[in-house]
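The shown structure was predicted, so the numbers you read here are calculated from the model rather than taken from an experiment. Computed over heavy atoms, backbone and side chain alike; hydrogens, waters and symmetry mates excluded. Here is the naming used below: chain letters follow the sequence lines, and residue numbers restart at 1 for every chain.
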Protein chains: 2
Amino acid sequence: MARLPEYLRALHNLAETGNETVSSEGLANAAGVNSAKLRKDLSHLGSYGTRGVGYDVALLIEQIEYVLGLTQRRAVALVGVGNLGHALAGYDGFASRGFRIAALLDADPARVGEEIHGMVVRHVDELPQVAAEESIAIGVIATPASAAQRVADQLVAVGVTSILNFAPCVLSVPDGVDVRKVDLAIELQILSFHEHRKASLTGLPRTGGSALTALPGGLAVTEGQEAIGT
Amino acid sequence: MARLPEYLRALHNLAETGNETVSSEGLANAAGVNSAKLRKDLSHLGSYGTRGVGYDVALLIEQIEYVLGLTQRRAVALVGVGNLGHALAGYDGFASRGFRIAALLDADPARVGEEIHGMVVRHVDELPQVAAEESIAIGVIATPASAAQRVADQLVAVGVTSILNFAPCVLSVPDGVDVRKVDLAIELQILSFHEHRKASLTGLPRTGGSALTALPGGLAVTEGQEAIGT
DNA sequence: CGCGATTTGTGCACGTCTTCACAAGCGCCT
DNA sequence: AGGCGCTTGTGAAGACGTGCACAAATCGCG
């Protein structure tokens, strides 16, 4: 499930604050989900909870990390050291959560050789060598959209089977390769949609308007969280 | 729907390449979704497709931008100009897709006054003034997790009703405030999970292992795309 | 003017995810 | 040892999203 990493983060927090065990209710709150959902998720990994007590935090962390394949530190190749790539290269969250940026690559010769956060940028055509040196499991694409597909092909060619794509475009990859996409502008646009929705049903009823603002049922906010109480 | 921005992006691409109209099939391919799904999505906005012809690209762009509330350029306040915030401040995608970064804020006095991409960083406590100068619709949190909740409270206090949170933590906000979360490490962990899954069912069958690697049905990759053919 | 090719819009069925509610199990206290 | 309260794990019901398949509608051409 895609929620396991969130549970893992919450568990690490709990472990740091000295909790030995946690109930499904407590963990669910910390992760921002329903407690029944959490129990069902955890039960799917044949988990070790104790009725009447809860879950052993340390044990559960170990279990989830195993399922996520985080027992080994995975090497990540980051392609594109523009604005975003630069930030990603220095992002602490990667190192602290089981990943190691093994290589920085870029297609721009002017950038090759540049040192960023203690790593030297290499040319993207050196990917085969890089892959030979280290077993690259995951590729991160932080290039402009125009270059993304080509980079993806190159990554696939050297055996990468998981790609995290920050470029605003659809990648086509062969079977067996997983792609996850993160588009920052899209996130904002979704928020903008909600803003627009809220604004139009609060103030002006927009009598003459089309059906666009008052979309028929089922458009309530399902993602994200709304109000958990303070 | 959360897919509308993706359609919009695809439509802009099509418009630039000189297409006047597009069929649901064509647009679906460009956006990486099923054509029936796309038609259903578009029909929910009471849309203007012509049977036998397809959709008018320009009209559809206009419609979707209206629904998303992009007819007005929305002002965004960005809090936290560390690694990530720095990159976000310079990210072209925001400006080019209907957003304007109206203010850069940070809690660290050492950073206040610094100029980033032509903008001066102000102290986060100046939020009320900033909000008074411009109508801030959306707040972006790019701070460490420890500061995120406090920043969220401050944003809510000045009337922000949509928050994009990059900090790895759950925010609690009052009713009516929308929060979307982007956690880069979680994205990688999800990919790691798929890597682990692929590795364990390809190579070693892991006879003695727990049920963890061979999770019972329904864990196929549902998000992202897998293989669209090249 | 009529016919066929093409494409939208949608009813229907299916599978998945979510949530409730409750039985089973565990520990603690008497 | 027995009972009581608490928490997990799960069955069932419902909501939701997805995809197929087809009727309705439009255009172009003869």
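Residues that satisfy the salt bridge (Lys or Arg N to Asp or Glu O under 4.0 Å) test with A:D183, not counting sequence neighbours, are B:R97. Legend: residues meeting side-chain contact (heavy atoms from CB on, under 4.5 Å) with A:D41, ordered by chain and number and at least two apart, are A:M1, A:R3, A:Y7, A:K37. In this view, A:A152 and A:I141, A:Q149, A:I163, A:L171 satisfy the side-chain contact (heavy atoms from CB on, under 4.5 Å) rule, not counting sequence neighbours. Every ring pair (Phe, Tyr, Trp, His ring centres under 6.0 Å) that A:Y91 has, sequence neighbours left out, goes to A:F94. Residues passing the salt bridge (Lys or Arg N to Asp or Glu O under 4.0 Å) test with B:R9 are B:E6, sequence neighbours excluded. Contacts of A:E187 classified as side-chain contact (heavy atoms from CB on, under 4.5 Å), with partners at least two apart in sequence or in another chain: B:L164, B:R180, B:V182. Among residues two or more places apart in sequence or in another chain, the side chain to side chain donor-acceptor pair (under 3.5 Å) test is passed with A:S146 by none. Residues satisfying the side-chain contact (heavy atoms from CB on, under 4.5 Å) criterion with A:A75, sequence neighbours excluded, are A:R100, A:A102, A:I136.
Remark: C1' of C:dT7 and CG of B:D56 are 15 Å apart, rounded to the nearest angstrom. Between the OH atom of A:Y48 and the P atom of C:dG25 there is a distance of 17 Å, given to the nearest Å. One atom, NZ of B:K37, and another, C1' of C:dG15, lie 14 Å apart when rounded to the nearest Å. Atom-to-atom, CZ of A:R3 to C1' of C:dC17 comes out at 8 Å; the value is rounded to the nearest Å. Straight-line distance from the CG atom of B:L59 to the C1' atom of C:dT8: 15 Å, rounded to whole Å. Atom OH of B:Y55 is separated from atom P of C:dT6 by 18 Å (rounded to the nearest Å). Rounded to whole Å, the distance from CG on A:L38 to C1' on C:dC20 is 16 Å. At whole-Å resolution of the value, CG in A:L42 and P in D:dG9 are 7 Å apart.
Among pairs with a residue in residues 48-75 of chain A, none fulfils salt bridge (charged side-chain N to carboxylate O under 4.0 Å, His left out), at least two apart in sequence or across chains.
Of the residues in residues 18-25 of chain A, not one places a heavy atom less than 4.0 Å from an atom of DNA chain C.
Nearest heavy atoms, B:V160 versus B:G139: CG1-N, 3.6 Å.
Between the two ends of the helix from C:dC1-D:dG30 to C:dT30-D:dA1, each summarised by a five-pair axis, the helix axis turns through 0° (rounded to 10 degrees).
Atoms CD1 and OG, on A:I190 and B:S162 in that order, are 11.0 Å from each other to the nearest 0.5 Å.
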**OP:** Going 5' to 3' through nucleotides 20-30 of chain D, assign each nucleotide B (protein heavy atom under 4.0 Å from a base atom), S (under 4.0 Å only from sugar-phosphate atoms) or - (no protein heavy atom that close).
**Re:** BB--BBBS---

